[in-house]
Amino acid sequence: MPEIASATGFGFTPRTRLPDGLGRTGTISTPHGPIETPAFIAVGTKATVKAVLPESMAELGAQAVLANAYHLYLQPGADVVDEAGGLGPFMNWPGPTFTDSGGFQVMSLGVGFKKVLAMDTAGLADDDVIAEGRTRMAHVDDDGVTFTSPKDGSKHRFTPEGSMRIQHQLGADIIFAFDECTTLMNTRDYQESSVARTQAWALRCLTEHGRQTGLRADRPYQALFGVVQGAQFEDLRRQATRDLESLSIGGRGFDGYGIGGALEKENLGTIVRWVSEELPEEKPRHLLGISEPDDLFTAIENGADTFDCVSPSRVARNAAVYSRDGRFNVTNARHRRSFQPIDATCDCYTCTHYTRAYLHHLFKAGEMLSSTLCTIHNERFIVRLVDDIRASIHNGSFRELRDEVLGRYYASRSMRTGSTN
RNA sequence: GUGGGUGUAGCUCAGUUGGUAGAGCACCUGGUUGUGGUCCAGGCGGUCGCGGGUUCGAGUCCCGUCACUCACC
């Protein structure tokens, strides 16, 4: 049934739509297999989902993996991955792959994350807003970005063309345009000029992408997603979306879109809706960097098809695990003698073989198996949640599932919060 | 038995010319949303071996005592 939409091997086929929303199910076709959407894409920044075997990721239902062009460029080098036959063969992942462009690193290496931004920015240029106590390691100009490697202090230059060349060397099925990711601290004026810059870069990405595609006709087609910025401003988001969709080189525009930038829980759904309303049905929409359960429901309801996020993996390495009754730290003292799985209803390898007491022990003892087992659980939890949401859209029970899952997941949190106040 | 050393938080130790105690680890609790991977932020915790003395004031000085430890008979 999932017909291939074009001769490229890439395509998107919408399936079922929510009766009263922009949410939908669908199938993304790639040269390395289909992705049933909505889907959570596991993050494997440096060509590995930290602490977990690719076989385990496949077993827990991960449909695709997303790596990062910037990190792989620094180490081991995009040419090495290219020589290995591309990202998939290199990391022994036979399924669909994504690479992010490195655009996010402009922000994370430059001004830092939104929560740690210095509040006093008086006297500084907009692009000099910087996190307190951090050294700026990226500078943006209209042509590209200059990075300082956090690994060895060496200087590197990223441009839209460079990112495209690197991502073609990495060879993922779906790649992203090189964009500038701003923060909520930036002024409206800066957001406007940044969106304009991202738009100009988008055209350059599309042009270089066409060139690289021609040079590598022997390889499977790589789909290019444009990235929509515009922060929390409706006019900027809508215009940015239309502008990207209007681009075309040699009769070919973007194959899909990423929604990026500063998103807060309160405006996440609204922003996804603005963008989704401006986009055609037949192009997939990827929401970058989101995976909390409530955010997933909100984003899917408003039209997002795929997601990637480091959260399940990152928090797992620090003992935080998801359960249908909310998130908790398995290192809590009360789990020392808790001989039950993290979540009795979870079907993951960890929950079917190990107890909270054992995981508690592994963390306390500093054993690295703790990371492996908890990452497997968290990744499975989010993958399965999105699978359940997909099924609910098919059978018309999306709202029931949302209310049931979120009601239970966050009830325990408010109970805990309430009891400690 | 004689001489020396050491006794401060659960552990290892800091505590300056006396001004009613700190660190690291451990323990407890949070946090982490296109990964600068094993981190960040809080918190609990000590009648400074014990008993006297000097002093306005002693973990710091004096006396005694106990424990551990080293060396020598």
Distance-only check: which donor-acceptor pairs under 3.5 Å involve side-chain atoms of residues 280-288 of chain A, not counting sequence neighbours?
{"from": "E281(A)", "atom 1": "OE2", "to": "R17(A)", "atom 2": "NH1", "distance (Å)": "3.1"}
{"from": "K283(A)", "atom 1": "NZ", "to": "E245(A)", "atom 2": "OE1", "distance (Å)": "3.4"}
{"from": "K283(A)", "atom 1": "NZ", "to": "F254(A)", "atom 2": "O", "distance (Å)": "2.7"}
{"from": "R285(A)", "atom 1": "NH1", "to": "G303(A)", "atom 2": "O", "distance (Å)": "3.0"}
{"from": "H286(A)", "atom 1": "ND1", "to": "T306(A)", "atom 2": "OG1", "distance (Å)": "2.7"}
{"from": "H286(A)", "atom 1": "NE2", "to": "D308(A)", "atom 2": "OD1", "distance (Å)": "2.5"}

Would you tabulate the side-chain donor-acceptor contacts of residues 365-377 of chain A under 3.5 Å, counting partners in other chains and residues two or more places apart, or write 'none'?
{"from": "S370(A)", "atom 1": "OG", "to": "E367(A)", "atom 2": "O", "distance (Å)": "2.7"}
{"from": "T372(A)", "atom 1": "OG1", "to": "A51(A)", "atom 2": "O", "distance (Å)": "2.8"}
{"from": "T375(A)", "atom 1": "OG1", "to": "S371(A)", "atom 2": "O", "distance (Å)": "2.6"}
{"from": "H377(A)", "atom 1": "NE2", "to": "Y322(A)", "atom 2": "O", "distance (Å)": "2.5"}

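Listed by chain and residue number, F297(A), L385(A), L401(A) satisfy the side-chain contact (heavy atoms from CB on, under 4.5 Å) test with V405(A) (two or more places apart in sequence, or in another chain). Judged as a ring pair (Phe, Tyr, Trp, His ring centres under 6.0 Å), and not counting sequence neighbours, F90(A) has no contacts. By the side-chain contact (heavy atoms from CB on, under 4.5 Å) test, S154(A) is found to be paired with S149(A), D152(A), H156(A), residues two or more places apart in sequence or in another chain being considered. With sequence neighbours excluded, the residues forming a side-chain contact (heavy atoms from CB on, under 4.5 Å) with D142(A) are R197(A), listed by chain and number. Listed by chain and residue number, F339(A) satisfy the side-chain contact (heavy atoms from CB on, under 4.5 Å) test with R337(A) (two or more places apart in sequence, or in another chain).
Only the P atoms considered, A71(B) is 36 Å distant from G24(B), to the nearest whole Å.
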Are there any protein N/O atoms within less than 3.5 Å of an N/O atom in nucleotides 25-27 of chain B, and if so, which ones and at what distance?
none

Sort me out a list of protein N/O and nucleotides 39-44 of chain B N/O pairs below 3.5 Å, or just none if empty.
{"from": "C39(B)", "atom 1": "N4", "to": "N318(A)", "atom 2": "OD1", "distance (Å)": "3.2"}

Next item on the list: State the dot-bracket string of RNA chain B. Criteria: Watson-Crick or G-U wobble, both atom distances under 3.5 angstrom; notation: ( ) intrastrand, [ ] crossing earlier pairs, | interstrand, . unpaired.
Entry: (((((((..((((.....[..)))).(((((.......))))).....(((((..]....)))))))))))).

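Side-chain N/O atoms of R334(A) include none lying less than 4.0 angstrom from OP1 or OP2 on C28(B).
Within residues 367-375 of chain A, no residue approaches RNA chain B, by heavy-atom distance under 4.0 Å. For the segment residues 38-62 of chain A, residues with any heavy atom less than 4.0 angstrom from an atom of RNA chain B are, sorted by number, V43(A), T45(A), K46(A), K50(A).
D295(A) comes within 4.0 angstrom of a base, heavy atoms only.
When each of G30(B), U33(B), G34(B) is scored by its nearest atom to the side-chain atoms of D100(A), the top-ranked nucleotide is G34(B).
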